[in-house]
Amino acid sequence: MPRRLLIIQGHSDPAGGHLCHALAEAYAAGATDAGHATETVTPALLRLPPLETKAAFEAAPPDSVARVQAVIGRANHLVVVFPLWLGGPPAVLKAMLEQVFRPAFILHDPKAGWSGKRRLSGVSARLIVTMGMPALAYRWWFGAHGVRSLADGILRFAGIGPVRMTYFGGVETASAARRAGWLVAMRVLGTGAR
């Protein structure tokens, strides 16, 4: 059954040409070939500042943020692609997520407080993370805390689930054949909208 997918290209360089861009494009190609509807949001193009106060977090969002909220509201599967920077997502991605996941967006009834029903229940997600270190070292030695913070503290907290992770490590030293294999794997995931 066709799904509505949103791919969030979380790399800080909007110009393209990085592995994250190629992975997102491969995922989108597989999804499109399988008949899934896809949209893409690029946080680096939005140039959103991080929120600085509780009042700003609870206020009505600017139009650019409201448009992203509308795109997320149409999707039933999110794909977030980003490079690991300082153990977590790049600042441009984090700033967009802060702006988007406001109480009025993720809660059916913001007056009910954080114990209320989440608007994004039933939406699934996949985080696709690239890094210079071996992925196994990041996951087991470092505990993948930065990625888990995004998965648990933002996405699952907003009602999104399941949230799955795909890690690609050693990207600077990966051979062309290995990178080609990663792109094939992304097309397969896109085909299944997983």
Please test Ile8 against Met96 for side-chain contact (heavy atoms from CB on, under 4.5 Å), starting from the C-alpha separation and ending with a verdict. CA-CA 10 Å; Ile8 299 174; Met96 188 202 80; 4.1 Å; yes
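- The main-chain N or O of Ala59 is found under 3.5 Å from a side-chain atom of Arg102 such that the two form a donor-acceptor pair.
- Considering all non-hydrogen atoms of both residues, Gly73 and Phe105 come closest at N-CZ, 4.5 Å.
- A continuous path of Ile, Leu, Val, Met, Phe, Trp and Tyr side chains, each step under 4.5 Å between heavy atoms, connects Val80 with Val100, placing both in one hydrophobic cluster.
- Side-chain atoms of His77 do not come within 3.5 Å of backbone N or O of Leu5 as any donor-acceptor pair.
- Summarising the geometry of Tyr138 relative to Gly146, their closest heavy-atom pair is OH-N, 3.4 Å, with the distance given to 0.1 Å.
- The backbone N or O of Ala158 lies less than 3.5 Å from no partner atom in the side chain of Arg118, so there is not a single donor-acceptor pair.
- Of the possible donor and acceptor atoms, one in the side chain of Gln9 sits under 3.5 Å from a partner among the backbone N and O of Cys20.
- Separating the CZ atom in Phe157 from the CD1 atom in Ile106 is a distance of 5.5 Å, to the nearest 0.5 Å.
- Looking only at distances, a side-chain donor or acceptor of Gln99 sits under 3.5 Å from a matching main-chain atom of Pro49.
- Annotation: side chain of Thr38 is not in contact with side chain of Leu6 (no heavy-atom distance under 4.5 Å).
- Tracing side-chain contacts under 4.5 Å through hydrophobic residues (I, L, V, M, F, W, Y), one reaches Val123 starting from Val71; they form part of the same cluster.
- Looking at heavy atoms from C-beta onward, Phe101 lies in side-chain contact with Leu120 at the 4.5 angstrom threshold.
- Using a 4.5 Å cut-off on side-chain heavy atoms (C-beta onward), Ile160 and Leu78 make contact.
- In terms of hydrophobic clustering, with Ile, Leu, Val, Met, Phe, Trp and Tyr side chains grouped at heavy-atom distances under 4.5 Å, Ile72 and Ile7 are assigned to different clusters.
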For residues 180-191, which side-chain donor-acceptor pairs fall under 3.5 Å, sequence neighbours excluded?
| unit_1 | atom_1 | unit_2 | atom_2 | d |
| --- | --- | --- | --- | --- |
| Arg187 | NH2 | Asp33 | OD2 | 2.5 |
| Thr191 | OG1 | Gly30 | O | 3.4 |
| Thr191 | OG1 | Arg187 | O | 2.8 |

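- Ring geometry, His11 versus His21: the interplanar angle falls from 30° to 60°, so the pair is classed tilted.
- Judged purely by atom type and a 3.5 angstrom limit, Arg119 uses its side chain to pair as donor or acceptor with the backbone of Leu107.
- A distance of 13.0 Å separates CZ of Arg139 from CE of Met133, quoted to the nearest 0.5 Å.
- Between Val92 and Arg47, every side-chain heavy-atom pair lies at or beyond the 4.5 Å cut-off.
- Smallest separation of non-hydrogen atoms from Pro61 and Gln69: CG-OE1, 3.5 Å.
- Taking both residues in full, the closest heavy atoms of Leu150 and Pro89 are given as CD2-CG, 4.4 Å, listed atom of the first, atom of the second, then distance.
- Pro14 and Leu45 make their closest contact through CB-CD2, 3.4 Å (heavy atoms, listed as atom of the first residue, atom of the second, distance).
- Considering only heavy atoms from C-beta on, Phe82 comes within 4.5 Å of Val147 through its side chain.
- Residues Asp63 and Val65 fail the side-chain proximity criterion, which asks for heavy atoms closer than 4.5 Å.
- Looking at Glu98, its side chain does come within 3.5 Å of a backbone N or O of Leu51 through a donor-acceptor pair.
- Under the 6.0 Å distance and 45° angle rule, Arg179 does not count as a cation-pi partner of Phe168.
- When only modelled atom types and interatomic distance are considered, Ser124 and Arg194 share no side-chain donor-acceptor pair under 3.5 Å.
- Two residues are said to be in side-chain contact when any heavy atoms from C-beta on lie closer than 4.5 Å; Leu46 and Val68 meet this criterion.
- Summarising the geometry, atom OG1 belonging to Thr130 is positioned 5.5 Å from atom CG belonging to Leu19; distances are rounded to the nearest 0.5 Å.
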Do Arg4 and Glu39 pass the salt bridge (charged side-chain N to carboxylate O under 4.0 Å, His left out) test, and can you show the C-alpha distance, the side-chain angles, and the key distance before you say yes or no? CA-CA 8 Å; Arg4 296 179 309 279; Glu39 294 185 78; over 6 Å; no
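- Side chain of Thr32 to backbone of Ala28: a donor-acceptor contact under 3.5 angstrom is found.
- Two different hydrophobic clusters hold Val81 and Leu86 under the rule that ILVMFWY side chains link at heavy-atom gaps under 4.5 Å.
- Of all the heavy atoms in Leu84 and Gly88, the pair that sits closest is CD1-N, 3.4 Å.
- For the pair Trp85/Ser12, a side-chain contact is recorded, criterion being any heavy-atom separation below 4.5 Å from C-beta on.
- Taking hydrophobic clusters as Ile, Leu, Val, Met, Phe, Trp and Tyr residues chained together by side-chain heavy-atom distances below 4.5 Å, Leu23 does not share a cluster with Val163.
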